[in-house]
Participant: 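What follows is a structure written as structure tokens; I'll ask about it next.
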Amino acid sequence: MAAPFNHRAVEEKWRKRWEEHPVNVNDGKKPKYYCLDMFPYPSGNGLHVGHWRGYVISDVWSRYKLMQGHYIIHPMGWDAFGLPAENYAIKMGVHPAKSTAANVANIKKQINDIAALYDWDMEVNTTDPKFYKWTQWIFVKMFKEGLAYEKEFPINWCPSCKTGLANEEVVNGCCERCGATVTKKNLRQWMLKITAYAERLLNDLDKLDWPEKVKKMQSDWIGKSYGAEVEFPVDGREEKITVYTTRPDTLYGATFMVLAPEHALAASLATEDTKEAVDKYILDASMKSNVDRLQDKEKTGVFTGSYAVNPLNGAKIPIWLSDYVLADYGTGAIMCVPAHDDRDFEFATKFNIPIIQVIAKDGKEIENMTEAYTEASGIMINSGEWNGMESAVLKKEAPMMIEKRGLGRKTVNYKLRDWVFSRQRYWGEPIPIIHCPHCGNVPVPEDQLPLRLPEVESYQPTGTGESPLAAIDEWVNTTCPVCGAPAKRETNTMPQWAGSSWYFLRYVDNHNDKELVSREKADKYLPVDMYIGGVEHAVLHLLYSRFYTKFLCDIGVVDFDEPFTKLFNQGMITGENGVKMSKSMGNVVSPDDLIRDYGCDALRMYELFVGPPELDAEWDDRGIEGVARFLKRFWNLVLDNKDRDGKETKESVKLRHKMVHDITTRLESFSLNTVISGFMEYNNKMIDLAKQQGGMDRETLETAMTLLAPFAPHIAEELWEQMGHTDSVFAHGWPKADAESMKEEEKEIAVQINGKTRGVVNLPVECSKEEAIAAGKAAVADRLTGNIVKEIYVPGRIINLVVK
RNA sequence: GCAGGAGUGGCGGAAUGGCAGACGCAUCAGACUCAAAAUCUGACGUAGGUGACUAUGUGUGGGUUCAAGUCCCAUCUCCUGCACCA
């Protein structure tokens with residue numbers, strides 16, 4: 001009997017060995033493969049089994065690529081600036097720099113328990129001045145290119161975090177971080193002109209090997225629409241109001257116009273009679289939070305007393321104000337066609353505004369309209385010279401026709417807004433701008449970067465709309481780098497996303513203090529081949545990173561404009577009943593006990609075995625027994641047979657090649673849970689065959705441990721060594737399956753009568769239909785009654801006799 | 001409301017249109033043991049039968065096909081994302 005498997009001894013031994021003799025080395029000849037994890041923010045809670053999953057997936061993939069002959073770039077770092085780190089520090093009453101450093105140390109230790117291939121020489125930390133020097137440098141470059149600009153307007157404000165937020169950080173009107181209801185606050189803000197890249201961000205999605213879901217979320221977020229801007233003169237006044245519409249074909253059906261309460265002309269359109277009501281409506285709207293505005297099911301509005309003139313037919317239509325029109329989309333004003341738009345219909349019905357149908361539904365005008373007809377299909381009616389045209393055709397042509405007649409222009413619109421980039425908090429990169437009374441906004445000269453975050457006693461958010469940095473006079477007061485006059489520093493900081501938008505570029509050249517990344521290394525090691533992480537960043541981090549990469553490509557820092565060639569989103573590990581693991585729910589499962597009891601290899605495999613990697617999975621500790629038993633059985637199989645000199649047989653060769661084939665195809669398709677079950681299946685088969693034959697050949701056993709190596713590296717290495725090898729199992733290439741050797745000569749085939757299985761026959765694989773049918777008939781002869789009207793034989797699959 | 005995903009034993013989950021439930025957990029029985037643990041062997045969808053068996057079964061209702069968990073139509077439920085974007 002072989003010595004029993006002692007996971008602790010084996011793991012300890014190999015950890016040490018790998019430290020002395022790394023398995024992933026860059027010889028300068030092997031092709032690179034960059035496999036990246038979304039880097040964590042170092043929270044105080046440490047890792048739970050859910051965090052492990054993504055790291056295990058990426059490590060398995062990395063080791064597989066390693067065995068295929070690549071040099072693996074598999075780095076890890078810390079997204080340590082930002083709200084979570086700062087809020088944690090405030091709660092614990094320590095300085096964020098201190099708590100962050102402690103958390104990094106703790107999590108790093110935990111991550112090391114995974115036994116992943118991480119190359120700690122590449123480590124980055126977004127709060128390291130050597131790192132954020134370049135975060136600031138990118139901002140300065142963007143400023144110089146006109147992509148970073150200042151603007152005062154009502155932004156999303158989280159009253160709990162006491163800071164402004166980007167649109168992407170507002171979820172259902174609440175703060176993405178803390179869940180508090182987001183309000184509006186008029187603030188001077190730094191903005192990044194991500195909208196300048198809207199078209200490229202949209203189009204280049206086609207290039208990416210990403211989950212369709214994520215691509216769709218991004219394209220919806222960018223939200224491109226085609227339409228026209230149409231100018232409506234205001235009756236009796238000089239001004240014109242421009243509206244944006246995607247349905248210019250329905251222009252004849254416009255019976256009123258609605259302006260957002262924030263529209264520049266809103267107040268001035270009021271007449272003496274309506275002034276009071278209009279002013280009140282505008283004021284009320286300004287007090288409403290996003291949530292209130294969203295939750296108001298019933299439409300509200302107020303008539304201004306003024307009229308607009310439909311430029312096509314001269315019809316006078318009333319101008320209303322309503323908060324269902326958004327001020328910052330399109331022109332903040334819309335023409336309303338109640339017959340063909342749900343919202344306009346609801347509004348018109350409520351306020352008794354006429355409804356004019358301009359597209360015939362099923363060739364007819366609808367009597368007693370009860371809902372809007374929103375399809376752009378049907379013949380135009382009540383539309384002057386457009387009568388008789390097909391709506392779908394007109395929808396496309398109308399913008400040009402309107403433009404030709406000088407009534408407006410063809411245009412496109414995006415939902416994407418510019419990125420609110422400043423935060424009124426302490427724990428972030430200071431924005432490297434100096435406000436000079438003479439020169440305006442002047443960037444901190446590049447040779448003076450990094451602009452260090454000052455050490456302070458008090459870093460609590462002020463809530464006044466100013467960052468805590470504003471209170472540090474000696475830091476704020478400086479001189480203008482251009483004219484030398486007294487000037488003030490910008491006191492806002494950057495959002496957490498700033499560092500994470502480009503960190504993946506830095507890993508490969510993290511000590512370079514001359515450049516963000518050398519062009520040579522960028523060309524050699526970038527971009528990321530495989531990016532693995534949760535889906536929660538679909539429109540945040542992943543969109544921002546694409547934007548940054550495109551910008552850095554445009555200014556020549558890198559030569560590619562998409563950062564992540566392939567993306568994989570792993571599902572979340574939850575507690576019982578799909579409840580998210582959290583401290584407050586008390587359902588957090590720590591990997592520490594499991595590692596102690598079952599070992600790292602077992603936990604790695606169980607993380608994958610719990611379910612398809614892309615789906616959420618409920619954690620159940622008990623299941624780990626299964627993989628632990630498998631590892632023990634495999635250990636015993638190998639050690640019991642290694643000295644028995646088992647001969648290769650036809651059966652064992654076939655088994656070996658089928659095993660390689662199955663494991664590899666499942667791995668390639670990222671079906672990692674079935675890779676693990678595959679190992680168990682083949683292990684069972686090998687055990688049976690070894691029993692039958694009185695041994696198992698060496699080649700088959702070694703192939704099995706080679707396949708197992710990316711999943712359970714310690715045990716694979718140990719067994720590899722026990723087989724007498726002095727090199728690492730990872731130095732061994734990934735085995736290849738030979739189709740010829742896998743071929744079955746005979747196959748068991750079900751014989752059906754009318755689609756129901758009535759027997760089985762063993763058939764040679766190469767066998768004629770006649771022979772097969774004859775054998776099939778013989779196998780079910782006693783059940784065969786009536787006339788056979790059809791005989792189906794699908795080689796290798798089935799025989800079906802259709803009987804009447 | 002719109003878009004995407006999912007619905008299969010007690011549980012997690014497998015199934016290029018071809019014998020549904022692989023693999024594992026839990027459970028039950030047996031072996032080993034003074035005993036327990038570990039390990040090994042076997043059973044394990046439901047209903048009926050002593051039985052080799054028979055019928056039935058992948059959310060629900062239809063359809064296509066020699067053959068449907070898988071394809072098509074309709075419908076219900078759950079999850080995820082977006083949501084007054086004109």
Side-chain angles (χ1 to χ4, degrees), chain A residues 4 171-173 211-217 219-221 223-225 227 243-248 250 254 257-258 260 293-294 296-297 299 322-326 328-337 340-344 346-347 374 413-417 535-536 538-539 571-572 578 605-606 609-612 614-630 632-633 636 665-666 671 673-684 687 748-760 788-803:
Chain A
V171 178
N172 289 327
E212 286 306 315
K213 178 185 168 158
V214 176
K215 290 207 232 178
K216 178 123 202 337
M217 280 168 75
S219 86
D220 284 353
W221 189 262
K224 184 179 187 180
S225 68
V243 303
Y244 172 69
T245 179
T246 55
R247 294 296 302 278
T250 63
M257 178 183 279
V258 176
R293 233 165 130 152
L294 281 170
D296 284 341
K297 296 237 163 61
K299 297 237 177 315
S322 175
D323 63 8
Y324 83 90
V325 174
L326 305 175
D328 58 353
Y329 180 77
T331 61
I334 59 168
M335 66 171 206
C336 298
V337 185
H340 303 287
D341 181 278
D342 291 326
R343 296 149 304 183
D344 299 348
E346 190 193 330
F347 195 86
T374 55
N413 248 305
Y414 301 91
K415 288 189 202 174
L416 185 71
R417 311 289 151 87
V535 76
E536 64 272 17
V539 288
M572 208 179 23
M605 290 188 83
Y606 185 56
F609 191 54
V610 284
E614 69 280 8
L615 299 183
D616 292 352
E618 280 179 36
W619 188 263
D620 180 357
D621 269 355
R622 287 176 301 184
I624 197 172
E625 293 278 357
V627 286
R629 281 180 197 137
F630 154 75
K632 260 184 255 176
R633 279 198 282 250
N636 291 337
T665 44
R666 291 175 192 189
S671 178
N673 54 324
T674 62
V675 172
I676 307 301
S677 61
F679 279 126
M680 295 171 173
E681 275 172 68
Y682 280 101
N683 193 43
N684 293 344
I687 290 170
E748 191 184 74
I749 286 183
V751 184
Q752 301 183 328
I753 298 175
N754 290 341
K756 293 197 170 157
T757 305
R758 295 301 182 205
V760 282
I788 296 176
V789 292
K790 198 164 184 183
E791 295 166 339
I792 314 269
Y793 170 56
V794 183
R797 298 241 178 256
I798 204 112
I799 292 169
N800 191 9
L801 305 169
V802 185
V803 172

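Only a predicted model underlies this, so the values are computations on that prediction, with no experimental measurement involved. Values below: all heavy atoms of this structure, side chains included; hydrogens, waters and symmetry mates excluded. In what follows, every chain begins at residue 1, and chains take the letters A, B, ... in the order their sequences are listed.
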Participant: Has the side chain of Lys756(A) got a donor or acceptor that lies under 3.5 Å from a partner of the other kind on the base of rC19(B)?
Facilitator: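 Looking at the base of rC19(B), it does not pair with any donor or acceptor on the side chain of Lys756(A) (distance under 3.5 Å).
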Participant: I want to check one thing: is the phosphate of rA86(B), taken as OP1 and OP2, less than 4.0 Å away from some side-chain N or O of Ser225(A)?
Facilitator: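 Result: yes.
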Participant: Return no unless some side-chain N or O of Tyr324(A) is found under 4.0 Å from OP1 or OP2 of rA86(B).
Facilitator: no
Participant: Using the 3.5 Å cut-off, write out each protein N or O paired with an N or O of nucleotides 39-48 of chain B and the distance between them.
Facilitator:
unit_1  : atom_1 : unit_2    : atom_2 : d
rC40(B) : OP1    : Arg633(A) : NH1    : 3.2

Participant: Would you please classify the geometry between the Tyr324(A) ring and the Phe347(A) ring as parallel, tilted or perpendicular, with 30° and 60° separating the classes?
Facilitator: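 Ring orientation, 0 to 90° scale: tilted.
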Participant: Determine the interatomic distance between P on rG63(B) and the same-named atom on rC78(B); round to the nearest Å.
Facilitator: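 That atom pair is separated by 28 Å.
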Participant: Check if the side chain of Glu748(A) and the base of rC19(B) share a donor-acceptor pair of N or O atoms closer than 3.5 Å.
Facilitator: yes
Participant: Please tell me if Asn684(A) has a side-chain N or O lying less than 4.0 Å from either OP1 or OP2 of rG24(B).
Facilitator: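 Indeed, a polar side-chain atom of Asn684(A) lies that close.
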Participant: Under the criterion side-chain contact (heavy atoms from CB on, under 4.5 Å), I'd like the reasoning laid out for Tyr606(A) against Asp620(A): C-alpha separation, chi angles, the key distance, then a yes or no.
Facilitator: CA-CA 10 Å; Tyr606(A) 185 56; Asp620(A) 180 357; 4.2 Å; yes
Participant: Classify the nucleic acid contact of Gln752(A) as base, sugar-phosphate or nothing, counting any heavy atom under 4.0 Å across all strands shown.
Facilitator: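 Base, at least one base heavy atom under 4.0 Å.
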Participant: Testing Ile624(A), Val627(A), Thr674(A) one by one against Phe609(A) for a side-chain contact (heavy atoms from CB on, under 4.5 Å), which residue passes?
Facilitator: Val627(A)
Participant: Compare side-chain N and O positions of Asn673(A) against OP1 and OP2 of rA14(B) and report whether any pair is under 4.0 Å apart.
Facilitator: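 So the side-chain polar atoms of Asn673(A) do come within 4.0 Å of the phosphate oxygens OP1 or OP2 of rA14(B), strictly under.
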